[in-house]
Amino acid sequence: MSPAAPQRRMADDAEARALASGLRLRILRLCLDEPLTNREIAEALGKNPASVLHHVRTLVDTGFLQAQEVRRGRRGAREIPYLATGKSWWLQTPASAGRVLEAFLDEIEQVPPEQHDLTRLGLRLPPAQMQEFRARLTALLEEFAARPRDPEADPWSLFVALHPDPSTSTQTATRRQGATPGPNQC
(Lines give C-alpha, C1' and ligand atoms only; values in the text may rest on other atoms or scores of the structure.)
Protein backbone atom coordinates (compact mmCIF):
# COMPACT_ATOMS: atom_id res chain seq x y z
CA MET A 1 0.00 0.00 0.00
CA SER A 2 1.43 3.39 -0.98
CA PRO A 3 1.66 6.17 1.59
CA ALA A 4 -1.08 8.79 1.54
CA ALA A 5 -0.31 11.90 -0.45
CA PRO A 6 0.45 14.99 1.62
CA GLN A 7 -2.35 17.50 1.97
CA ARG A 8 -2.03 20.82 0.19
CA ARG A 9 -1.18 23.67 2.54
CA MET A 10 -0.23 27.32 2.41
CA ALA A 11 3.48 27.96 2.10
CA ASP A 12 5.12 29.64 5.07
CA ASP A 13 6.95 32.94 4.50
CA ALA A 14 10.34 31.36 3.72
CA GLU A 15 8.80 28.81 1.33
CA ALA A 16 6.76 31.49 -0.43
CA ARG A 17 9.87 33.67 -0.86
CA ALA A 18 11.83 30.69 -2.22
CA LEU A 19 9.13 30.00 -4.83
CA ALA A 20 8.76 33.68 -5.77
CA SER A 21 11.51 33.37 -8.37
CA GLY A 22 11.09 32.11 -11.91
CA LEU A 23 14.73 31.04 -11.89
CA ARG A 24 14.24 28.91 -8.77
CA LEU A 25 11.18 27.29 -10.30
CA ARG A 26 13.27 26.39 -13.35
CA ILE A 27 15.97 24.93 -11.08
CA LEU A 28 13.36 22.71 -9.45
CA ARG A 29 12.19 21.51 -12.86
CA LEU A 30 15.77 20.77 -13.95
CA CYS A 31 16.38 18.70 -10.81
CA LEU A 32 13.06 16.86 -10.87
CA ASP A 33 14.26 13.60 -12.40
CA GLU A 34 18.00 13.65 -12.05
CA PRO A 35 20.34 15.15 -9.50
CA LEU A 36 22.39 18.01 -10.91
CA THR A 37 25.34 19.89 -9.45
CA ASN A 38 25.40 23.66 -9.17
CA ARG A 39 27.72 23.79 -12.19
CA GLU A 40 25.37 21.62 -14.27
CA ILE A 41 22.37 23.73 -13.26
CA ALA A 42 24.20 26.95 -14.16
CA GLU A 43 25.23 25.53 -17.55
CA ALA A 44 21.66 24.40 -18.33
CA LEU A 45 20.34 27.87 -17.47
CA GLY A 46 23.17 29.82 -19.08
CA LYS A 47 23.86 31.56 -15.77
CA ASN A 48 26.89 32.25 -13.58
CA PRO A 49 27.47 29.37 -11.09
CA ALA A 50 28.03 31.82 -8.22
CA SER A 51 24.61 33.44 -8.65
CA VAL A 52 22.92 30.06 -9.16
CA LEU A 53 24.49 28.77 -5.93
CA HIS A 54 22.56 31.39 -3.94
CA HIS A 55 19.29 30.10 -5.44
CA VAL A 56 20.25 26.45 -4.90
CA ARG A 57 21.07 27.13 -1.23
CA THR A 58 17.72 28.88 -0.75
CA LEU A 59 15.92 25.86 -2.22
CA VAL A 60 17.90 23.46 -0.03
CA ASP A 61 17.29 25.54 3.10
CA THR A 62 13.52 25.48 2.47
CA GLY A 63 13.34 21.77 1.63
CA PHE A 64 12.64 22.06 -2.10
CA LEU A 65 16.01 20.58 -3.10
CA GLN A 66 17.85 17.83 -1.29
CA ALA A 67 21.60 17.32 -1.48
CA GLN A 68 22.62 13.89 -2.71
CA GLU A 69 25.80 11.92 -2.15
CA VAL A 70 28.95 13.90 -2.95
CA ARG A 71 30.69 12.87 -6.18
CA ARG A 72 33.85 13.76 -8.05
CA GLY A 73 33.36 16.11 -10.96
CA ARG A 74 35.61 17.30 -13.70
CA ARG A 75 39.26 17.35 -12.71
CA GLY A 76 38.44 15.54 -9.48
CA ALA A 77 36.62 18.43 -7.81
CA ARG A 78 34.14 17.56 -5.06
CA GLU A 79 30.57 18.25 -6.30
CA ILE A 80 27.20 17.97 -4.62
CA PRO A 81 24.27 17.00 -6.84
CA TYR A 82 20.78 18.19 -5.87
CA LEU A 83 17.41 16.56 -6.47
CA ALA A 84 13.99 18.21 -6.23
CA THR A 85 11.86 16.84 -3.40
CA GLY A 86 8.47 17.47 -5.04
CA LYS A 87 7.42 19.57 -2.05
CA SER A 88 6.37 22.54 -4.20
CA TRP A 89 3.48 20.55 -5.72
CA TRP A 90 1.74 20.42 -2.33
CA LEU A 91 2.07 24.11 -1.48
CA GLN A 92 -0.16 27.03 -2.27
CA THR A 93 1.71 30.28 -2.57
CA PRO A 94 0.20 33.75 -2.51
CA ALA A 95 0.91 36.10 -5.40
CA SER A 96 3.49 33.97 -7.23
CA ALA A 97 1.51 33.62 -10.46
CA GLY A 98 3.85 35.97 -12.29
CA ARG A 99 6.89 33.90 -11.33
CA VAL A 100 5.23 30.64 -12.38
CA LEU A 101 4.30 32.22 -15.70
CA GLU A 102 7.84 33.57 -16.09
CA ALA A 103 9.29 30.08 -15.59
CA PHE A 104 6.77 28.60 -18.03
CA LEU A 105 7.55 31.20 -20.71
CA ASP A 106 11.32 30.67 -20.29
CA GLU A 107 10.86 26.91 -20.67
CA ILE A 108 8.41 26.91 -23.59
CA GLU A 109 10.58 29.38 -25.49
CA GLN A 110 13.15 26.56 -25.76
CA VAL A 111 10.65 24.10 -27.29
CA PRO A 112 9.91 24.09 -31.03
CA PRO A 113 6.26 25.09 -31.67
CA GLU A 114 5.43 21.75 -33.30
CA GLN A 115 6.30 19.99 -30.04
CA HIS A 116 3.81 21.69 -27.73
CA ASP A 117 0.06 21.82 -27.45
CA LEU A 118 -1.32 25.19 -26.41
CA THR A 119 -4.97 25.90 -25.94
CA ARG A 120 -7.07 28.60 -24.42
CA LEU A 121 -10.62 28.10 -23.30
CA GLY A 122 -13.23 30.54 -22.09
CA LEU A 123 -15.73 29.01 -19.69
CA ARG A 124 -19.06 30.32 -18.51
CA LEU A 125 -20.39 27.80 -16.02
CA PRO A 126 -22.80 28.19 -13.12
CA PRO A 127 -21.05 28.07 -9.71
CA ALA A 128 -21.83 24.40 -9.02
CA GLN A 129 -20.44 23.30 -12.40
CA MET A 130 -17.39 25.53 -11.96
CA GLN A 131 -16.75 23.92 -8.59
CA GLU A 132 -17.14 20.48 -10.21
CA PHE A 133 -14.71 21.46 -13.01
CA ARG A 134 -12.10 22.64 -10.51
CA ALA A 135 -12.47 19.52 -8.35
CA ARG A 136 -12.18 17.17 -11.35
CA LEU A 137 -9.19 19.04 -12.77
CA THR A 138 -7.43 19.00 -9.40
CA ALA A 139 -8.19 15.30 -8.92
CA LEU A 140 -6.81 14.49 -12.39
CA LEU A 141 -3.61 16.45 -11.79
CA GLU A 142 -3.11 14.89 -8.35
CA GLU A 143 -3.75 11.40 -9.72
CA PHE A 144 -1.03 11.75 -12.34
CA ALA A 145 1.35 13.56 -9.97
CA ALA A 146 1.08 10.61 -7.55
CA ARG A 147 2.00 8.02 -10.19
CA PRO A 148 5.55 6.67 -10.08
CA ARG A 149 7.91 8.50 -12.40
CA ASP A 150 9.21 6.33 -15.24
CA PRO A 151 12.91 7.15 -15.76
CA GLU A 152 12.69 5.77 -19.32
CA ALA A 153 9.79 8.01 -20.36
CA ASP A 154 10.22 11.39 -22.01
CA PRO A 155 9.75 14.29 -19.58
CA TRP A 156 6.78 16.59 -20.20
CA SER A 157 5.72 19.81 -18.54
CA LEU A 158 2.21 21.07 -17.91
CA PHE A 159 1.09 24.61 -17.15
CA VAL A 160 -2.52 25.25 -16.12
CA ALA A 161 -3.99 28.59 -15.16
CA LEU A 162 -7.62 29.12 -14.25
CA HIS A 163 -8.76 32.65 -13.53
CA PRO A 164 -11.75 34.94 -13.89
CA ASP A 165 -11.77 36.43 -17.39
CA PRO A 166 -11.13 40.17 -16.94
CA SER A 167 -12.08 40.91 -20.55
CA THR A 168 -15.73 40.13 -19.82
CA SER A 169 -16.10 41.68 -16.37
CA THR A 170 -17.86 44.80 -17.72
CA GLN A 171 -20.30 42.69 -19.75
CA THR A 172 -21.02 40.42 -16.79
CA ALA A 173 -21.58 43.35 -14.41
CA THR A 174 -23.91 45.03 -16.93
CA ARG A 175 -25.93 41.84 -17.42
CA ARG A 176 -26.24 41.29 -13.66
CA GLN A 177 -27.60 44.81 -13.30
CA GLY A 178 -30.26 44.02 -15.91
CA ALA A 179 -29.09 46.47 -18.57
CA THR A 180 -28.42 45.55 -22.15
CA PRO A 181 -24.86 46.28 -23.28
CA GLY A 182 -24.50 49.35 -25.45
CA PRO A 183 -22.24 49.59 -28.49
CA ASN A 184 -19.22 50.73 -26.44
CA GLN A 185 -19.55 47.94 -23.88
CA CYS A 186 -18.71 44.95 -26.07
Practice task
Sorted by first residue and then second, give each ring pair (Phe, Tyr, Trp, His ring centres under 6.0 Å) pair with at least one member in residues 7-33; sequence neighbours left out.
Solution key: none
Exercise for the section: Could you tell me whether the side chain of Ile27 reaches within less than 4.5 Å of the side chain of Leu36, counting heavy atoms only? Expected result: no
Problem - Distance in Å, Ser21 OG paired with Glu102 CD, rounded so as to fall on 0.5 Å steps - result: 7.0 Å
Fill in the blank from the handout: When every non-hydrogen atom of Gly22 is compared with those of Ala103, the smallest separation belongs to O-CB, 3.6 Å
Problem - Side-chain donor/acceptor of Ser51 to backbone N/O of Lys47, under 3.5 Å - result: no
Practice task
Can you establish whether the number of heavy atoms outside Glu69 located under 6.0 Å from its atom CD is more than 12?
Solution key: no
Handout entry: Validation row: Gln66, Gln68 side chains within 4.5 angstrom (heavy atoms)
Key = yes
Practice task
Starting at CZ of Arg57, measure out to CG of Leu65 and round the result to the nearest 0.5 Å.
Solution key: 13.0 Å
Exercise for the section: Please report the C-alpha distance between Ile80 and Thr37 in whole Å, then the side-chain angles of each, then the deciding distance to 0.1 Å, and finally whether the side-chain contact (heavy atoms from CB on, under 4.5 Å) criterion is met. Expected result: CA-CA 6 Å; Ile80 302 170; Thr37 65; over 6 Å; no
Exercise for the section: For Thr85, check side chain to side chain donor-acceptor pair (under 3.5 Å) against everything at least two apart and list the hits. Expected result: none
Problem - Side chain to side chain, Leu91 and Met10, heavy atoms closer than 4.5 Å - result: no
Problem - With Pro49 via side-chain contact (heavy atoms from CB on, under 4.5 Å) - residues at least two apart - result: Asn38, Ala42
Exercise for the section: Find out whether Phe64 and Ser88 are in side-chain contact, i.e. whether some heavy atom of one side chain is under 4.5 Å from a heavy atom of the other. Expected result: yes
Exercise for the section: Report yes if some heavy atom in the side chain of Glu79 is under 4.5 Å from a heavy atom in the side chain of Val70; otherwise report no. Expected result: no
Handout entry: Leu158 side, atom CG; Leu141 side, atom CG - distance, nearest 0.5 Å
Key = 6.0 Å
Problem - Partners meeting salt bridge (charged side-chain N to carboxylate O under 4.0 Å, His left out) with Asp61 (sequence neighbours left out) - result: none
Practice task
For the residue pair Cys31 and Ile41, establish whether any side-chain heavy-atom pair is separated by less than 4.5 Å.
Solution key: yes
Exercise for the section: Give, for atom CG of Asn48 and atom NE2 of His54, the distance between the pair rounded to the nearest 0.5 Å. Expected result: 13.0 Å
Handout entry: Partners passing ring-ring contact (aromatic ring centres under 6.0 Å, His included) against Phe133 (at least two apart in sequence or in another chain)
Key = none
Exercise for the section: Following the transitive rule for hydrophobic clusters with a side-chain heavy-atom cut-off under 4.5 Å over Ile, Leu, Val, Met, Phe, Trp and Tyr, establish whether Val60 and Leu53 coincide in one cluster. Expected result: no
Handout entry: Lys87/Glu15 ion pair, N-O < 4.0 Å
Key = yes
Can I get a per-line list of side-chain donor-acceptor pairs under 3.5 Å for residues 105-122, giving both atom names and the distance, sequence neighbours left out?
unit_1 : atom_1 : unit_2 : atom_2 : d
Gln110 : NE2    : Asp106 : O      : 3.4

Completion exercise
For Leu140, the hydrophobic cluster (side chain heavy atoms closer than 4.5 Å, chained through members) also holds Phe144
Exercise for the section: Decide yes or no on side-chain contact (heavy atoms from CB on, under 4.5 Å) for Leu19 and Arg24, but give the supporting numbers first. Expected result: CA-CA 7 Å; Leu19 294 177; Arg24 289 188 196 132; over 6 Å; no
Exercise for the section: Hey, could you give me the CG/CG distance between Leu25 and Leu30, rounded to the nearest 0.5 Å? Expected result: 11.0 Å
Exercise for the section: Quick one: list whatever passes salt bridge (charged side-chain N to carboxylate O under 4.0 Å, His left out) with Glu43, sequence neighbours left out. Expected result: Arg39, Arg74
Completion exercise
Sorted by chain and number, sequence neighbours left out, salt bridge (charged side-chain N to carboxylate O under 4.0 Å, His left out) with Arg72 holds for none
Practice task
Report, as yes or no, whether the 6.0 Å neighbourhood of atom CZ on Arg71 holds more than 12 heavy atoms from other residues, nucleotides or ligands.
Solution key: yes
Practice task
Carefully, step by step, assess Glu142 and Leu137 under the rule side-chain contact (heavy atoms from CB on, under 4.5 Å).
Solution key: CA-CA 9 Å; Glu142 287 180 356; Leu137 183 59; over 6 Å; no
Exercise for the section: Can you measure from CG (Leu32) to CG (Leu83) and round to the nearest 0.5 angstrom? Expected result: 7.5 Å
Fill in the blank from the handout: Applying side chain to side chain donor-acceptor pair (under 3.5 Å) to Gln131 and not counting sequence neighbours gives none
Exercise for the section: Using side chain to side chain donor-acceptor pair (under 3.5 Å) as the criterion, list what pairs up with Arg29, not counting sequence neighbours. Expected result: Ser157
Exercise for the section: State which residues pass salt bridge (charged side-chain N to carboxylate O under 4.0 Å, His left out) with Arg78; sequence neighbours excluded, sorted by chain then number. Expected result: none
Problem - Charged N-O contact under 4.0 Å between Arg149 and Glu34 - result: no
